[in-house]
Each structure stands twice: as structure tokens, then as C-alpha cells.
Undergrad: 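Quick one: structure below, then a few questions.
When a residue number appears, it is its place in the shown sequence, counting from 1.
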Amino acid sequence: MKVHKLTGVILTLLIFSLATAVPSAFAGSVVSIRGKELRALVKKYIETNMPWKQDNLRIEFLGRITDPAVQGEKISCHVKSRQDESYIGDSSFTVGIYDDGALIREESVRVRMEVAMDVVVSAKFLPRDTQINADDVKLIRRWFNQNPANTVTQMEDVVGKQTYSDIRQNIEIKRNMLKSVKTIKRGKMVKMVLESGPMMIVTFGLSEEDGSRGDFIKVKNLSSNKTVYAKVIDDSSVRVDF
């Protein structure tokens, strides 16, 4: 009786060991994925999807990235980002590890992204109510780890405007530090440039509103006696597209 019981126990253990061993024989080999490979995948994903030029971005990986070991026959990796990813500042990306298309593991990779942008700064001290000329400002490159607010990146957005207050030399000029100068006053005679493709007509009009460079104002065409919207080019000219 004891021999039969012992034989039954041995058979049971043998069957159990075979049952657990058989799946592993068909599960595929163990694959070790190096952390630097995950970093390379994330870097390539960022460079492919970011809105910045490649030379304008630098990436720092935060924290240690492990070397995950997975088991499978057809291992592949795919990176995904947050739905609202802005590609600037601290963020994290998820690397999904798949075996023949089935997700078997996910790894989170934390990064810090800094973006270089050209910003307008004062080339010299600018007193309050100064109308800015081209030689009053300059462009320099700065690195940002968050989207800057009110930053001016083009000289043309500053030249011709006035300062609200004193601005020291080499200070970044923000949009809220400037005010528009009314280059054309209501009732002023202006030159109207009417453009349509290669055709250009020049006539004269009467401004019906005050306007700054780049503004659209109402101008009465003295030839046709019609009022149209025109873009202020300078202190004596407007442009009409038709």
C-alpha cells in the first residue's frame, strides 16, 4: 500500500514538472534589452515628432534605466508619449515591449528637454517711451525648459514700437513691455498699394482710423470713393490685397 502511494506521489510530481516545463520550451528565448537601446529609441521618437529643429533641442535622461529581460520569439519595442506632449521641459515616455505584437512589458523613461530659441534683447539702455530702431535691439540664442510667455523671437515685431518703461541693456524684451506707435492718424492722406498677383496699382486714399505698422485700418479710396480695409506698411503707405 505504501509503495503504491509513493509511486502515485512520484508520478504526480513528474507530471507536474513536465506540465510546467513544456510551456517554457515553447515560450522562446530570453532577450535582454539594454538601457542605452531604450534611450536611443526614445531620442529618435522625440526627434521625429518634436516641432523644433534638431539642432535646437538637447535631451537629458533622468534617473537610471534598467536592462529589462523578456522572453519571446519576436521581440519588438515601440515608444509612445503623453497625449499633450509639448516636447519641452521634464516629461516621460513609455516604451512598450512586444512579443509578436502582444504587449508583454512597459518601461517608463524620464527625460528633460531644453529648446534653443532666438530672443530679442536690448542692445543698449532704452528710456521709457523710446521708439525702437533696428540698432536698439539684437537677437541672441537662449535655452528654455518651458514654453516662454510673451517672448519676442523676430526683430520686426519690436522695431517701430515704444517702450512702456526703462529697459536696461541686454534685457530680454517681452511683448508686454512694448506699445504700438500710431504711425498713421485718422484723416491723413496715404498712398494705397493695391496688389493682385503680379499686378500692382498705386492710388491715394484718406485714412478713416488711427493705425500702427501691421494694423488693418479703414481707408477711403479717393478714386472710387469706396472704403476698404488696408494694412499699414509705414507712416504714409497702406497695402490692399484683392
Undergrad: Any idea which heavy atoms bring Lys161 and Ser180 closest together, and the distance?
TA: CE-OG, 4.1 Å
Undergrad: Excluding sequence neighbours, so at least two apart, what forms salt bridge (charged side-chain N to carboxylate O under 4.0 Å, His left out) with Arg239?
TA: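 Partners of Arg239 by the salt bridge (charged side-chain N to carboxylate O under 4.0 Å, His left out) criterion, ordered by chain and then number, come out as Glu195, Asp241.
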Undergrad: Please tell me whether Met200 and Tyr229 are part of a single hydrophobic cluster in this structure, the criterion being side-chain heavy atoms less than 4.5 Å apart.
TA: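 Hydrophobic grouping puts Met200 apart from Tyr229.
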Undergrad: For the side chain of Ser122 and the backbone of Asn170, is there at least one donor-acceptor N/O pair under 3.5 Å apart?
TA: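 Indeed, once roles are kept as given, a pair shorter than 3.5 Å links the two residues.
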Undergrad: Please walk me through it: do Arg39 and Ile59 pass side-chain contact (heavy atoms from CB on, under 4.5 Å)?
TA: CA-CA 10 Å; Arg39 289 194 293 268; Ile59 302 171; over 6 Å; no
Undergrad: Kindly indicate whether the side chain of Val228, heavy atoms from C-beta on, has any atom under 4.5 Å from the side chain of Met192.
TA: yes
Undergrad: With a 4.5 Å cut-off on side-chain heavy atoms, are Pro148 and Val119 touching?
TA: no
Undergrad: Does atom NZ of Lys231 have more than 12 heavy-atom neighbours from other groups under 6.0 Å away?
TA: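 Open.
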Undergrad: Which pair of heavy atoms, one from Pro68 and one from Arg105, lies closest together, and at what distance?
TA: CB-CZ, 3.6 Å
Undergrad: If every non-hydrogen atom of Leu103 is compared with every non-hydrogen atom of Gly96, which pair is closest and at what distance?
TA: CD1-CA, 3.9 Å
Undergrad: For Asp157, what residues pass the salt bridge (charged side-chain N to carboxylate O under 4.0 Å, His left out) criterion, not counting sequence neighbours?
TA: Arg175
Undergrad: Tell me whether Tyr164 at atom OH has more than 12 heavy atoms from other residues, nucleotides or ligands lying less than 6.0 Å away.
TA: no
Undergrad: Atom OG1 of Thr130 and atom CG of Leu178: how far apart are they, to the nearest 0.5 Å?
TA: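 Going from OG1 on Thr130 over to CG on Leu178, the span is 11.0 Å.
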Undergrad: Measure the CG-CG distance between Asp129 and Asp166 for me, rounded to the nearest 0.5 Å.
TA: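 Here the interatomic distance stands at 9.5 Å.
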Undergrad: Carefully, step by step, assess Met113 and Met50 under the rule side-chain contact (heavy atoms from CB on, under 4.5 Å).
TA: CA-CA 10 Å; Met113 296 168 284; Met50 67 183 183; over 6 Å; no
Undergrad: Hey, is the main chain of Val181 close enough, under 3.5 Å, to the side chain of Ser212 for a donor-acceptor pair?
TA: yes
Undergrad: Do Met177 and Thr163 have side-chain heavy atoms sitting under 4.5 Å apart?
TA: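 Of all side-chain heavy-atom pairs linking Thr163 with Met177, none is under 4.5 Å.
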Undergrad: With salt bridge (charged side-chain N to carboxylate O under 4.0 Å, His left out) as the criterion, how do Arg58 and Glu60 come out once you've worked through the C-alpha distance, each side chain's angles and the decisive distance to 0.1 Å?
TA: CA-CA 7 Å; Arg58 60 189 183 194; Glu60 177 187 358; over 6 Å; no
Undergrad: Would you give the length of the straight line joining atom CD of Glu114 to atom CD1 of Ile88, rounded to the nearest 0.5 angstrom?
TA: 8.5 Å
Undergrad: Pair Val31, Ile97 - check side-chain contact (heavy atoms from CB on, under 4.5 Å), show working.
TA: CA-CA 11 Å; Val31 178; Ile97 304 174; over 6 Å; no
Undergrad: Less than 4.5 Å apart, any side-chain heavy atom of Asp136 and any of Lys124?
TA: yes
Undergrad: So, the side chain of Ser207 versus the backbone of Lys188: is there a donor-acceptor pair under 3.5 Å, distance only?
TA: no
Undergrad: Do Val219 and Val240 come close enough that some side-chain heavy atom pair is under 4.5 Å?
TA: no
Undergrad: Is there a path of hydrophobic side-chain contacts, each under 4.5 Å between heavy atoms, that joins Leu41 and Tyr45?
TA: yes
Undergrad: Decide yes or no for Met155 and Val137: does some side-chain heavy atom of the first lie under 4.5 Å from some side-chain heavy atom of the second?
TA: yes
Undergrad: So, does Asp67 use its side chain to make a donor-acceptor pair with the main chain of Gly35 at under 3.5 Å?
TA: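 Here the side-chain-to-backbone pair exists.
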Undergrad: Using side chain to side chain contact (heavy atoms under 4.5 Å, CB included) as the criterion, point out the one residue from Val115, Ile46, Val111 that pairs with Tyr87.
TA: Ile46
Undergrad: Before accepting this row, confirm whether a basic side-chain N of the pair Asp118/Arg141 lies closer than 4.0 Å to the acidic partner's carboxylate O.
TA: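 A salt bridge links Asp118 with Arg141.
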Undergrad: Does Glu208 CD have over 12 foreign heavy atoms under 6.0 Å away?
TA: yes
Undergrad: What's the verdict on side-chain contact (heavy atoms from CB on, under 4.5 Å) for Trp52 and Met117, showing C-alpha distance, side-chain angles and the deciding distance?
TA: CA-CA 9 Å; Trp52 327 109; Met117 299 183 188; 4.0 Å; yes
Undergrad: Looking at Gln146 and Gly89, would you say the former's side chain and the latter's main chain have a donor-acceptor pair under 3.5 Å?
TA: no
Undergrad: Could you measure the distance from the CD atom of Gln131 to the CD atom of Gln162? Nearest 0.5 Å is fine.
TA: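 The distance works out to 6.0 Å.
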Undergrad: Hey, any chance Leu139 and Ile173 share a hydrophobic cluster, counting ILVMFWY side chains that come within less than 4.5 Å of each other, even indirectly?
TA: yes
Undergrad: Assess whether a salt bridge exists between Arg186 and Asp210, defined as any Lys/Arg side-chain N lying under 4.0 Å from an Asp/Glu carboxylate O.
TA: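 No, no charged N to carboxylate O under 4.0 Å.
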Undergrad: Working to the nearest 0.5 Å, report the span between CG of Asn49 and NZ of Lys80.
TA: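 So the CG of Asn49 and the NZ of Lys80 are separated by 14.5 Å.
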Undergrad: Which atom pair, heavy atoms only, marks the closest approach of Val79 to Val95?
TA: CG2-CG2, 4.1 Å
Undergrad: With a 4.5 Å limit on heavy-atom distance, are the side chains of Val121 and Lys138 in contact?
TA: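 The answer is yes, as the side chains (C-beta and beyond) meet within the 4.5 Å cut-off.
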Undergrad: Does any non-hydrogen side-chain atom of Val70 lie less than 4.5 Å from one of Asp99?
TA: no
Undergrad: State plainly whether one hydrophobic cluster holds both Leu194 and Val238, where clusters connect Ile, Leu, Val, Met, Phe, Trp and Tyr through side-chain heavy atoms under 4.5 angstrom apart.
TA: yes
Undergrad: Same hydrophobic cluster for Val190 and Leu206, using side-chain heavy-atom links shorter than 4.5 Å among ILVMFWY?
TA: no
Undergrad: Could you check Arg112 against Asp90 for salt bridge (charged side-chain N to carboxylate O under 4.0 Å, His left out), going step by step and ending with a plain yes or no?
TA: CA-CA 4 Å; Arg112 175 169 296 151; Asp90 291 1; 2.7 Å; yes
Undergrad: Check whether more than 12 heavy atoms from other residues, nucleotides or ligands sit under 6.0 Å from atom NZ of Lys36, and answer yes or no.
TA: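 It does not: Lys36 NZ has 12 such atoms or fewer within range.
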Undergrad: Could you tell me the separation between the CG atom of Asn176 and the NZ atom of Lys174, rounded to the nearest 0.5 Å?
TA: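 One gets 8.0 Å once the value is rounded to the nearest 0.5 Å.
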Undergrad: Please find the pair of heavy atoms, one from Asp55 and one from Trp143, that lie closest to each other, and give the distance.
TA: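 That closest heavy-atom pairing would be O-CH2, 4.3 Å.
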Undergrad: Please report the shortest heavy-atom distance between Gly101 and Tyr98, naming the atom on each side.
TA: O-CD2, 3.5 Å
